[in-house]
Protein chains: 2
Amino acid sequence: MDKQVLFQKFVAFTTSVHEVTDELTKDVKSDTITPVQYSILEYLAVSQPATLSQISDCLPMSMPNTSRELRKLGEKNLCEKFDVAEDRRKQYIRLSKEGQAMMNEAFQRIEKRFLQRIQGTSEEDLEQIELALDVLSSRVFHSR
Amino acid sequence: MDKQVLFQKFVAFTTSVHEVTDELTKDVKSDTITPVQYSILEYLAVSQPATLSQISDCLPMSMPNTSRELRKLGEKNLCEKFDVAEDRRKQYIRLSKEGQAMMNEAFQRIEKRFLQRIQGTSEEDLEQIELALDVLSSRVFHSR
DNA sequence: GGATTTACTTATCAAATGATAAGTAAAGAG
DNA sequence: CTCTTTACTTATCATTTGATAAGTAAATCC
């Protein structure tokens with residue numbers, strides 16, 4: 001296997017993934033929040049509850065800036081903090097009901113666009129796609 | 001096929017792709033340029049020569065801002081403008097020798113990290129990966 | 001029990017980015 | 001030949017983002 005060729009395919013592929021996700025998520029962001037704030041909500045939608053440190057590590061964003069943006073999201077009633085019983089320094093952060101609703105709506109719009117994108121794909125091809133997602137997730141795009 | 005499940009895998013997958021590409025491209029950006037400027041150079045590396053309008057459409061970024069950032073890149077001697085003979089309103093933009101060198105170096109560092117990431121993968125699995133990239137590129141992540 | 005580390009906050013500052021208004025010059029349309 | 005459109009520039013401004021310094025309070029280490 002020529003790994004140089006594989007790398008070129010990899011680069012082209014990741015570029016396409018970025019383009020397509022940009023297209024799918026275009027305009028789903030409520031105009032009351034900034035892009036960075038959306039990315040926090042998106043992270044929470046998948047990984048809640050999360051501590052501030054986790055969010056800061058994963059996005060990635062410095063602790064002070066993460067703290068600031070979470071405060072703003074809190075002021076907009078989109079997420080909430082909860083004390084952690086075992087360690088009173090920590091705080092779990094969750095989407096509020098409102099935040100959850102906003103993200104549900106966003107994901108629904110993205111899903112609709114996604115389904116449009118794969119409409120007309122045969123059952124066989126869909127299974128190939130699912131397999132391919134699994135292969136790449138486990139072999140290439142795993143976090144370490 | 002449950003398309004809902006497929007969508008969930010799709011979302012998780014694109015998130016991973018973003019995380020991994022962030023990791024691979026971390027610190028390859030020269031500290032003399034901003035992230036937006038890097039994205040312009042990256043676009044040029046793949047699609048040069050390009051007009052300002054093309055860059056503006058694809059990135060996406062307003063014309064005035066694209067113009068400003070290209071001027072800054074020009075001042076840093078990373079890209080150059082050429083008149084288009086057929087239409088004197090247009091200008092082709094290309095990486096300069098210096099800009100090309102910077103991007104080559106960046107891509108080399110990314111490739112090195114990529115190869116580390118897939119080191120120890122069997123020949124058989126590598127072929128599976130290549131196949132999976134092809135499947136997803138053609139069936140899901142093609143541009144509209 | 002004092003020192004250190006962890007988790008997070010507050011405040012402040014500079015730089016990057018996005019948006020808009022107002023221009024120039026060339027091309028194309030009628 | 002004038003009018004409109006296209007391609008791009010310049011200037012300006014507000015907002016967002018990133019980075020750093022300095023703090024609090026709780027947990028952990030020795």
Side-chain angles (χ1 to χ4, degrees), chain A residues 18 22 25-44 47-76 78-94, chain B residues 18 22-23 25-44 47-76 78-94 102:
Chain A
H18 280 91
D22 281 357
T25 58
K26 201 173 222 169
D27 310 320
V28 301
K29 303 167 179 62
S30 152
D31 52 2
T32 62
I33 59 173
T34 69
V36 171
Q37 285 166 11
Y38 178 82
S39 71
I40 293 178
L41 294 182
E42 198 177 47
Y43 178 80
L44 285 174
S47 309
Q48 66 182 335
T51 65
L52 201 144
S53 308
Q54 277 177 276
I55 299 171
S56 171
D57 284 348
C58 295
L59 282 186
M61 203 184 215
S62 72
M63 286 271 288
N65 293 335
T66 308
S67 178
R68 175 185 61 199
E69 298 308 321
L70 281 172
R71 181 177 48 71
K72 288 181 186 170
L73 286 170
E75 284 165 2
K76 291 174 184 169
L78 295 170
C79 68
E80 294 164 342
K81 294 178 184 176
F82 297 90
D83 288 346
V84 176
E86 313 87 63
D87 188 336
R88 295 202 301 167
R89 291 170 305 178
K90 293 186 183 177
Q91 302 206 301
Y92 277 141
I93 293 141
R94 287 201 196 88
Chain B
H18 280 92
D22 281 358
E23 193 199 311
T25 59
K26 202 175 221 168
D27 309 320
V28 302
K29 304 166 181 60
S30 151
D31 52 3
T32 61
I33 59 171
T34 70
V36 171
Q37 284 166 12
Y38 178 82
S39 71
I40 293 178
L41 294 182
E42 200 177 45
Y43 178 80
L44 284 175
S47 308
Q48 66 182 334
T51 65
L52 201 144
S53 307
Q54 275 178 279
I55 299 171
S56 172
D57 284 348
C58 294
L59 279 185
M61 201 186 216
S62 71
M63 287 270 286
N65 293 335
T66 308
S67 178
R68 175 185 62 202
E69 298 308 321
L70 280 173
R71 180 177 48 72
K72 288 181 186 168
L73 287 171
E75 284 165 2
K76 291 171 185 170
L78 294 170
C79 67
E80 294 163 341
K81 294 178 183 176
F82 297 90
D83 288 345
V84 176
E86 314 87 62
D87 187 337
R88 297 202 300 168
R89 291 169 307 178
K90 293 187 182 176
Q91 303 207 301
Y92 276 142
I93 293 141
R94 287 201 196 87
M102 177 188 279

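So you know, we letter chains A, B, ... as the sequences are listed, proteins then strands, and number each from 1.
- In this structure, the nucleotide among D:dT20, C:dG18, C:dT12 sitting nearest to the side chain of A:S62 is D:dT20.
- Between A:Q37 atom CD and D:dT15 atom P there is a gap of 14 Å when expressed in whole angstrom units.
- Going from atom CZ of A:R71 over to atom P of C:dA7 covers 22 Å, rounded to whole Å.
- At whole-Å resolution of the value, CG in B:L59 and P in C:dG18 are 10 Å apart.
- Nearest approach of B:S67 to B:L52, heavy atoms of both residues: CA-CD1, 3.9 Å.
- Taking every heavy atom of both residues into account, B:S56 and B:S62 meet most closely at OG-C, 3.7 Å.
- Across all strands shown, B:E69 has no heavy atoms under 4.0 Å from either base or sugar-phosphate atoms.
- Between B:T34 and the phosphate of C:dT17, there is a side-chain N or O to OP1/OP2 separation shorter than 4.0 Å.
- In this structure, of C:dT17, C:dA27, C:dT10, it is C:dA27 that holds the atom nearest to the side chain of B:R88.
- Between the CE atom of B:M61 and the P atom of C:dA19 there is a distance of 11 Å, given to the nearest Å.
- Note that CD1 of A:I55 is 10.5 Å distant from CE of A:M63, once rounded to the nearest 0.5 Å.
- Note on A:P35: only backbone sugar-phosphate atoms sit closer than 4.0 angstrom, heavy atoms only; bases stay farther off.
- In this model, the phosphate group of C:dT9 is approached by a side-chain N or O of A:K81 to a distance below 4.0 Å at OP1 or OP2.
- Taking 4.0 Å as the cut-off between side-chain N and carboxylate O, A:K72 and A:E69 count as a salt-bridged pair.
- Side-chain N/O atoms of A:Q91 include one lying less than 4.0 angstrom from OP1 or OP2 on C:dT9.
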Would you please test B:Y92 and B:D83 for side chain to side chain contact (heavy atoms under 4.5 Å, CB included) and show each step? CA-CA 6 Å; B:Y92 276 142; B:D83 288 345; over 6 Å; no
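- We find that NZ of B:K90 is positioned 15 Å from C1' of C:dA25, with the value rounded to whole Å.
- Going from atom CZ of A:F82 over to atom C1' of C:dC8 covers 18 Å, rounded to whole Å.
- Residues passing the side chain to side chain contact (heavy atoms under 4.5 Å, CB included) test with B:S47 are B:Y43, sequence neighbours excluded.
- Annotation: the terminal axes of the helix from C:dG1-D:dC30 to C:dG30-D:dC1 meet at 30°, where each axis is the rotation carrying the C1' atoms of four end pairs onto the next four (5 pairs per end, rounded to 10°).
- The residue A:N65 sits close to a base: some heavy atom pair falls under 4.0 Å.
- A donor-acceptor pair shorter than 3.5 Å cannot be found between the side chains of B:K29 and B:Q37.
- The base of C:dG28 does not come close enough to the side chain of B:R89 for any donor and acceptor atom to sit less than 3.5 Å apart.
- Relative to the side chain of B:S53, the nucleotides C:dT9, D:dG18, D:dA7 differ in distance, and D:dA7 lies closest.
- Here C:dT5 presents its C1' atom at 13 Å from CE of A:M63, a figure rounded to the nearest Å.
- Heavy-atom nearest nucleotides on DNA chain C were determined for A:I93 and for B:P60, and the one closer to the 5' end corresponds to A:I93.
- Checking D:dA27, D:dT17, C:dG18 against the side-chain heavy atoms of A:D87 singles out D:dA27 as nearest.
- Using a 4.0 Å heavy-atom cutoff across all strands shown, A:T51 reaches sugar-phosphate atoms only and no base atom.
- For the pair A:E86 CD and D:dA25 C1', the computed distance is 17 Å after rounding to whole Å.
- Contact between B:P60 and B:D57 at its shortest, heavy atoms only, is CB-O, 3.6 Å.
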